[in-house]
Amino acid sequence: MSTVQQEQKGYFGEFGGSFVPPELQNVLDILAEQFEAYKDDPDFNQEFRYYLKEFVGRPSPLTFAQRLTERLGGGKIYLKREDLNHTGSHKINNVIGQILLAKRMGAKRVIAETGAGQHGVATATACAMFGMDCTIYMGAEDTRRQALNVFRMELLGAKVVAVKKGQGRLKDAVDEALNDLVQNYKNTFYLLGSAVGPHPFPTMVKHFQAVISEESKQQIIEKEGRLPDAVIACVGGGSNAIGAFAHYLDEPDVRLIGVEPDQAATLTEGVPAVIHGFKCLVLLDEAGNPRPTYSIAAGLDYPGIGPEHSHLKVSGRAEYVTVTNEEVLEAFQLLSQTEGIIPALESAHAVAYACKLAPALSPDQVIVVNLSGRGDKDVQQVFDMLKRNG
Ligand SMILES: *Cc1c(COP(=O)(O)O)cnc(C)c1O
């Protein structure tokens, strides 16, 4: 079976698919059919491109990090600036794509899950602009860690539901959002925020996030006259990474490197299992239940991973590595001080690995780091951590 056929069925090697109750499968079948119909529709794409330009602010720059490169010695580091997007991260790319689809499918109500709050804010923002009713599910623990983002979503007119079940984290918020969809699918569109979930979500989210590497490929060729030696992105569910990798997947000389927190190392330590209606590598405990994860970056705190990353890991096309909280905090400060860019804690994982890789490369080699978001939301948390640790 060719890759294309597998993708159409929502499989990436053995991963992906759709393992949901029949009533939900009906909704997903319609969604898959509508997505297939619109993704190559010129009017749909023109509208998508219009909002990316006029509302999100694309194309995002590819900035040469000169002082960081000099400080580290070795390969040249470029930053793909998703932090400069409206609402502060890559999440808005996918939100615009899916909300345009929701509109065309006649939905009046949008629901979403959120971890760090970035996807919730992006969804609430787009719902405000398009005049859609909006409900955001967020783990109770995350509402505490990201209280300002909760208020931001409310300010934008969304209803935020704090989920107290389980660990009160992203995984639990996804469970609640899926329950809502099963009950209300007739008027409701579930706007999923990462490259996870049952088919067609991983394929659809990749499609809308692929604009990142579509741009970066063109930009690096303009600036360096060649492809990068490595592309580095942090991995939570995997949407910024798959968007950053997409247009390089068929370029075998470009190393693709996903970075995870060492305490949520799904791709490094996970085993094949079904979670949230799809098959991927999952961190399980000895009883076979999803294992509690921990990350200082709420957006990376998820025990599953996108099915395509699971496949890229098993096939060896992409590499997945881990970094520690200490390395992340160091990278967070180093990028701030050398480049005047405060990264999201999630993105600081990618920066942290670039700091390890760059010195091993020669000065004519090039690394593209996907800077998935800006760090304003994390400044208070980092302040507390650095103060507590002296
Ligand atoms: C949500 C988020 C992530 C993690 O999600 P992915 O789907 O893995 O990209 C990474 N960075 C930022 C800034 C985020 O908001």
Side-chain angles (χ1 to χ4, degrees), residues 60 79-95 98 112-123 125 136 138-139 142 145-146 149 152-153 169-171 173-174 191-197 201-202 204-206 208-213 231-246 257-261 264-267 276 280 293 295-310 312 318 320 323 328 331-332 335 341-352 369-379 381:
S60 65
L79 306 169
K80 181 59 175 159
R81 304 292 305 282
E82 296 301 301
D83 60 309
L84 293 178
N85 293 343
H86 182 42
T87 71
S89 82
H90 69 290
K91 297 259 169 46
I92 191 82
N93 303 326
N94 167 55
V95 166
Q98 285 196 48
E113 84 297 337
T114 197
Q118 290 295 93
H119 176 57
V121 168
T123 303
T125 298
I136 305 293
M138 188 170 188
D142 290 331
R145 292 201 282 189
Q146 302 286 347
N149 267 343
R152 223 168 248 135
M153 289 182 265
R169 298 246 177 97
L170 182 57
K171 175 196 166 294
V174 175
L191 207 163
L192 192 59
S194 191
V196 298
F201 283 111
M204 187 161 72
V205 174
K206 176 191 182 184
F208 294 132
Q209 291 292 3
V211 65
I212 298 173
S213 50
V231 177
I232 303 179
C234 67
V235 181
S239 71
N240 89 87
I242 206 67
F245 294 174
I257 305 173
V259 188
E260 295 183 301
T266 313
L267 285 157
H276 294 142
C280 65
T293 52
S295 170
I296 54 171
L300 303 183
D301 204 351
Y302 179 62
I305 180 72
E308 190 164 5
H309 287 294
S310 302
L312 291 171
Y320 296 89
V323 291
V328 171
F332 182 90
L335 192 72
I341 299 169
I342 302 177
L345 277 172
E346 291 84 359
S347 321
H349 285 69
V351 177
V369 175
N370 197 42
L371 210 66
S372 56
R374 62 176 173 245
D376 304 40
K377 70 185 175 58
D378 299 317
V379 170
Q381 192 192 337

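All figures in this text were calculated on a predicted structure; none of them were measured in a lab. Order of appearance sets the numbers: ligands from 1, and atoms from 1 within every ligand.
- With hydrogens and angles disregarded, no donor-acceptor distance shorter than 3.5 Å links the side chain of Ser372 to the backbone of His90.
- Contact analysis leaves Ala195 out of contact with ligand 1, as no non-hydrogen atom separation drops below 4.0 angstrom.
- For ligand 1, the polar-atom distance check finds no N/O of Ala241 at less than 3.5 Å from any of the ligand's N/O atoms.
- Short contacts between ligand 1 and Gly238, defined as distances under 4.0 Å to a heavy atom of the residue, involve ligand atoms 6 (P), 7 (O), 8 (O).
- Within the 4.5 Å cutoff, the side chain of Phe332 has heavy atoms near those of the Pro343 side chain.
- Atom 7 (O) of ligand 1 has its closest protein heavy atom at Ser194 OG, 2.5 Å.
- Under a 3.5 Å cut-off, the side chain of Asn240 and the backbone N or O of Cys234 do form a donor-acceptor pair.
- Looking at Lys91 against ligand 1, only its side chain comes within 4.0 Å, counting heavy atoms.
- For His90, the closest heavy-atom approach to ligand 1 falls below 4.0 Å.
- Side-chain N or O atoms of Asp378 include one that pairs as donor or acceptor with a backbone N or O of Leu345 at under 3.5 Å.
- Heavy-atom proximity to Gly236, at under 4.0 Å, picks out these atoms of ligand 1: 8 (O).
- Of the options Ile305, Leu371, Asn240, the smallest heavy-atom separation from atom 9 (O) of ligand 1 is shown by Asn240.
- A side-chain donor-acceptor contact under 3.5 Å links His119 to the backbone of Leu191.
- Of the protein's non-hydrogen atoms, the one nearest atom 13 (C) of ligand 1 is Ser372 OG, 3.4 Å.
- The protein non-hydrogen atom at the shortest distance from atom 6 (P) of ligand 1 is Ser239 N, 3.3 Å.
- No more than 12 heavy atoms of other residues, nucleotides or ligands sit less than 6.0 Å from atom CD1 of Ile342.
- The protein heavy atom nearest to atom 4 (C) of ligand 1 is Gly299 O, 3.4 Å.
- Gln118 places no side-chain N or O within donor-acceptor distance of the main-chain N or O of Lys91, the cut-off being under 3.5 Å.
- The side chain to side chain donor-acceptor pair (under 3.5 Å) test applied to Glu82 returns Arg58, Ser60, Asn85, Asn93, not counting sequence neighbours.
- In terms of polar-atom proximity, Gly373 is not counted as a contact of ligand 1, lacking any N or O under 3.5 Å from an N or O of the ligand.
- Under the side chain to side chain donor-acceptor pair (under 3.5 Å) criterion, Thr114 pairs with no residue at all, not counting sequence neighbours.
- Taking every non-hydrogen atom of Gln118 and a distance limit under 4.0 Å, the qualifying atoms of ligand 1 come out as 15 (O).
- Not a single N or O atom of Ser347, backbone or side chain, sits closer than 3.5 Å to an N or O atom of ligand 1.
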